[in-house]
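A short write-up of the structure that comes next.
We use all heavy atoms of the structure for the numbers below, so side chains are in, but hydrogens, waters and symmetry mates are not. Here the structure is a predicted model, which means the values were calculated and not measured. Chain naming here is simple, since letters A, B, ... match the order of the sequence lines and numbering starts at 1 in each.
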Amino acid sequence: MAGLELLSDQGFRIDGRRSHELRKIQCRLGVFKQADGSAYIEQGNTKVLAAVYGPHEVKGSRAKMLQDKVLVNCQYSMATFSTGERKRRPRGDRKSTEMTMHLKQTFDAAIITNLYPRSQIDIYVEVLQSDGGNYCASVNAATLALIDAGIPLKDYVCACSAGFVNDTPIVDISYLEESGGGPELIVTILPKSEQIVFLEQNSRLHEDNLSKVLDVASKGCKDIYAILDRAVRDHVSKVSNVANTTE
Amino acid sequence: MLTSKVFVKKTKRGGVLKVVREHYLRDDITCGSQHCTKCDHNVNVETENSPETDIDSYNVGKSKTQPLVISPPSNSELCSSSHYVIPDTNVVLHQIDVLEDESLQNFIILQTVIDEVKHRSLPANKRLKDILANSSKHFYTFCNEYNSETYVEREPGESSNDRNDRAIRTAAKWYTNHLQEYEKDISIVLLTDDNDNRTKAKEAGIMSFTVHEYIKSLKNGGNLIDRLAWKSSAGTQQEGKLIYPEHIATSDILKGVKSGKYLQGSFMASRENYLEASVNVTESEKFVLIQGHQNLNRAVHSDIVAIEMLPEAEWSCPSSLVLEDTAQAEDDALEDDSKLKNKVPEHLRQPTGRVVGIIKRNWRQYCGILKPSLLKKGTKHLFVPAERRIPKIRIETRQAEDLATQRIIVAIDSWPRSSRYPQGHFVRKLGNIGDKGAENEVLLLEHDVPHQVFSEKVLSFLPKMPWSITKEDMKHRKDLRDIVVCSVDPPGCTDIDDALHCRLLDNGNYEVGVHIADVSHFIRPGTALDEEAANRGTTVYLTDKRIDMVPELLSSNLCSLRCDVERLAFTVIWEMTEDAKILNTSFTKSVINSKASLMYSEAQARIDDKTMNDELTLSLRGLNKLAKLLKQSRIDAGALCLASTEVRFQVDSETADPIDVQTKKLLETNSMVEEFMLLANISVAKKILEEFPNCALLRRHPSPPPSNFEPVIKAASSKGFIMDCSSNKNLAESLNKAEFDENPYFNTMLRIMTTRCMMQAVYFCSGMLPESEYVHYGLAAAIYTHFTSPIRRYSDIIVHRLLAVCIGADASYPDLLEKKKTQSLCNNLNYRHKMAQYAGRASVNLHTHLFFKTRVQDEDGYVLFVRKNALQVLIPKYGLEGTLYLNENKKSPTQFVYNEEQDTQTAGDVVFHVFDHVIIQLSIDRSNVQHLKLAINLVKPQIPGFSVAPASQVDGEKEKVGPPSKKARK
Amino acid sequence: MANDLKTFQPKEYYRKFLEKDVRPDGRELGECRSTVVNIGSITTAEGSALVKLGNTTVICGIKAELANPKADEPKNGYIVPNVELSPMCSAQFRPGAPGEQAQVLSQFVVDVLQNSECVNLQDLCIVSGKLVWMLQCDMICLDYDGNVADACVLSLVSALKNTCLPKVTVNEETQAIETDDKITNNLKVQTTPVSTTFAIFDDHFVIVDPTIEEETLATGIITIVTKEKKLCMVHKPGGTPLKDSQIQLCIDRAIERSGQATKLIDETQCSLDR
């Protein structure tokens, strides 16, 4: 819709958030029994499932096996009903393949790979409903799933997106704000060491504004880290309680 | 708390799309009243100020978040306690003029209302935003859509209008409850014109009134009542019989336009004939003629309308009559349209249509004067706008007697079918009619020229005096202070933006330098000063006044390249051979020290004086020589030299009344400076395009379509000359050959007519057009821009910035490199430029009329155009064009016969053709105070019953036939 | 020790349980796993439902599109189901094109819809011969723990009941499609077909709602689809032959199950409407 103001004069975005506020995040670990680790995360209207299988023997072509590291295999797919218009190809189209590659690269850096040579870890991500920030929610869900599977990670991997409207950086952009055409920055961070694992920026952004937007996105990642951490601790305490009572 | 908004949209391919959006509801939205201690008002204060340690910033922060004062004194008799007012959408849209008044304060504008206003009317939205930004008015914006307590969801079966009304009532109720618990009761008043809404509000316990009731009840509301717009006619009965046909509903119009039944276009009323207009159809560049009241159907100039084509048998042609509206205020009947329906020869017919509906109204505020009604006690009067294309407006006011002598501003509210004229309301008055200040004000307002004094904020960005060049500045600049630089300008010029020098190099070549004032050093991007300059776009030159684009400190002092002071400049240096061939070009920021500020005449005198041989004169001679060579090569390439009718008024120093008028004389030195400015502009254009192919700000002049040249070709052929208009070179050659010995002015007139055929030169952004469109027809240049006058043109400042980035002398900033922003800036500059030109011409007109206030003179004139009921005569001395009406006095024995084929008017044995020489008498016709017209009467050739006596002749001379008859002018 | 037996001789392990009329997870032979239905969670889809049969999780999303009807059936819309078994739900599936099992399941669901006529295709017609609705039903299995067929059918039917289609009209003059702002009309679902799967073990043990281990060990499978006490479809793809009486038992059990499932769906529907 032409003329839609992404940031009103009073400082509110279209959905009523202020520029520094994240969307509502809800997450759960251990939702599936079949998978070794699974998680479900909802960031606003974006709903993502992640399932992790492994570490197990390398399936498929033996040639891909690495002698000193574990092979991380990712697959990103979007349900056909996840977007406004039905998506014809859930996987295999260019965007999904690109996302898959990015996820693989991100987690290659985060998993302590030399602990499982000649093995394979599979990470499957399914987007059930898409409303902007697909990649970020996928990364966050996959982190939780990996933790649920018990695979050793260097640190939590948290991702957050940010945009720039009316000279103000806004954090955690929704689909409507993405399609507004302004610049978009996605950053993935290891929160404790504040190292950037993955950074992607679209559209034109003047270099003077880069640091502002990057700061805002990093802060968003740290906030998400706090939420994920709490969810993990809750889950673990629940599971350990159950374990205690059955013994 | 999170809810979601779900609705269904249609996609382009015709599919259906379900859209889901989140909607967060918060509880930290404050009520904005200083009274209230419940809300945490510090939540929203921006952290840009330091934490509130000092009282000042605390108060500033407080006033930003809590604009509503504690106990606003109540001025209204309807509600005696202190109260805040909540207006609804229609009130804001229709009564925006009243809301802008200072006496109305402490209003709460709801987010629902703002969203609807934005949706329905962008100009009203802009004005609303300005009101909200004005802190002295104490208006507060309450975001009721995001507040968890006041958010309402649409119920099934409820229309969106009802839902919005309900949201407004809920917010009012919330406010009433919220502020109720304080000792001093503050109540809430809801303003709405909708009866239904008021009843529901009363049921809910909210006080509510109509706008009219409220304003009338205010103690100082007297003059506000006048400013109230008429009540919208929705639901009220139409008084009187319906004169105009109905407008078709918008949805039907859109369907019709899509299916091709109706055409959409912008409505352009004719200046000469109030019963005629043409519609410029979008996408097809066609013009459709509309004639007659019924067909015009209440469209106002610059509206976007939907028209239906009439069958070919009813097609007509533009009337060659010149007509004006003479009806009275109470008169609601329309004239018989048959006046216009003359039998039109078939080959002259043009597509004709009628207006069936209005798509978008583009009403603004209009300046003009009041024409009091003939009834003594009447309150309804007619307002006559200064712009002739706008119809008269009926307004209601009690101050008619005071206002009769004033220039006033009026806005249109509506045009019901039963009313001959649109209805409007008075906004404010400007000053006495005829008073130069008021007239200038009208001129500036009608041409949308921003002319207010520069605000404090803008002035704060000026450098502090005393200012001098620092070492820092010198570091990045070339020191050219010892070069003999001089500037050549018109007399009385204080804003000198260019200076030149020329010296012979050792290798026999010439080094030529053009130095332009370095304005971009002072005006930094993003500052209020920059924004104000960008808005103004150009300096406007009126005859007696100059509306500056930048404050005087810069324009006449720090930026102006005055002699004997060091100044910062942006320099272009060429090395050229003796034959003016350019070997290389370089650009640099520099510091110069101009050795002389000469006038054109002084410079010319120096060049001609063989005894002067100092460095400065040699430099001038060199420049002159090279300039001539450059000009010749331009003419060989096809550049056009056209004539204009510019004149200069000599103004009496005490009374500021014009004493005499002179046409501008062109000396060699004018041409010299011009050539180098052109060369500089072209060189800079090439450089910035090279570096920024996507976002360079350039200037183009599209070649006119062949049809534009028809009047010139026709006029020239009547004297036996053939004009070849196929290319600019051919046109220039044809013009040069068209000399008529018996009439030396003929060639000049032909050039003047050619000037009118030209298209407008415009600014544009290089990324928006293909390279073939960059040409400048008039200058025969493949690429052109404006670089040499940054003090008076904003485009030059942008070009300076781009060039500075090219040479590494300055940093870029995001907006500079944005294609779309540059194009929208160009659009604004083109608009301002055009308006400045019109304003300048109107000012000259104004002064011409003032000049003739006390004089009657006989002058030479030439017939420019022959029309059905008039001759248009050009008076070269004053650069004026006047209309000589024929056949007005029906009783006179002499009647003129118009021959359309041959384009002549005949009376007896005197025949008038185009280019004929006549002698006419100029005087002022005072019958219409607003449009003081120049009365033109024919002196020679003598026609009995028509011509008047020569002014200098004493009565009783034998040559005259019959008593001089004074024509009554409309 | 039990684990060793389970790993090396799974069939023996199972037989031991079945002789006692019970299953390793504690259920009786005729008992179904706990069923959970969740409706309307995916707001971007016109209708959606999530069904958990024990651990088996299937989510169904329905997207509506506009399409031209077939020339020989101008008044009929389309319902197109599609089942996806991704490697996410179980390690046994490979990424890539839909495998054999997924395709068989999709066809099965198509048959169920056709045979039960649960949605009248003419309800999907907007303008006869020109414009009809096409409902794309995508079922994604998220966790594969046996008996995916039942879960798919159940989720499809729940999602269909949850579907809301916007009102669409075609303007005569301009041939433009106009939509009404507020979404109206729930899709009319005439009947509720419910499928019940039985696994045949060792020729005479018939267990209802098999888990994945039971499926791999079973020697045959039979699926019965019923709608409101009437038999709709029977699907027995080879495997151990069954006697009449056994099939009659299965049918009775299936009817009982269908009653429970229908009640569950309706309750969930009601709680959503509030």
Check your understanding: So what's closer than 4.5 Å to chain C heavy atoms on V52(A): side chain, backbone, both or neither?
Key ->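 Nothing of V52(A), per the 4.5 Å heavy-atom cut-off to chain C.
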
Check your understanding: Quick one: what part of T83(A) sits under 4.5 Å from any heavy atom of chain C, side chain, backbone, both or neither?
Key ->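 It is the backbone, since no side chain atom gets that close.
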
Calculate, to the nearest 0.5 Å, the distance between atoms [atom1] and [atom2] belonging to [X] and [Y] respectively.
X: Q34(A); Y: Q92(C); atom1: CD; atom2: CD; value: 8.0 Å
X: F32(A); Y: S90(C); atom1: CZ; atom2: OG; value: 12.5 Å
X: D143(C); Y: S38(A); atom1: CG; atom2: OG; value: 7.5 Å
X: T80(A); Y: E84(C); atom1: OG1; atom2: CD; value: 6.5 Å
X: K47(A); Y: I59(C); atom1: NZ; atom2: CD1; value: 8.5 Å
X: F81(A); Y: T44(C); atom1: CZ; atom2: OG1; value: 8.0 Å

Are more than 12 heavy atoms from other residues, nucleotides or ligands located less than 6.0 Å from atom [atom1] of [X]?
X: K154(A); atom1: NZ; answer: yes
X: R28(A); atom1: CZ; answer: no
X: Y14(C); atom1: OH; answer: yes
X: E28(C); atom1: CD; answer: no

Under 4.5 Å from any heavy atom of chain A, what part of [X] do you find: side chain, backbone, both or neither?
X: C89(C); result: backbone
X: L142(C); result: both
X: S41(C); result: backbone

Review point. So which of A45(C), G61(C), S48(C) has the largest heavy-atom pair count under 4.5 angstrom toward chain A?
Key: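 Most heavy-atom pairs within the cutoff with chain A belong to G61(C).
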
Check your understanding: Going by distance alone, is a donor N or O of one side chain under 3.5 Å from an acceptor N or O of the other, for Q129(A) and T43(C)?
Key ->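 Per modelled atom types, Q129(A) and T43(C) side chains form a pair under 3.5 Å.
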
Review point. Is there a side-chain contact between Y124(A) and S86(C), using heavy atoms and a 4.5 Å cut-off?
Key: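 Side-chain contact under 4.5 Å: no.
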
**Study point:** Contact check, side chains of K33(A) and D145(C), non-hydrogen atoms, under 4.5 Å
**Key:**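 The answer is no, as the side chains (C-beta and beyond) never meet within the 4.5 Å cut-off.
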
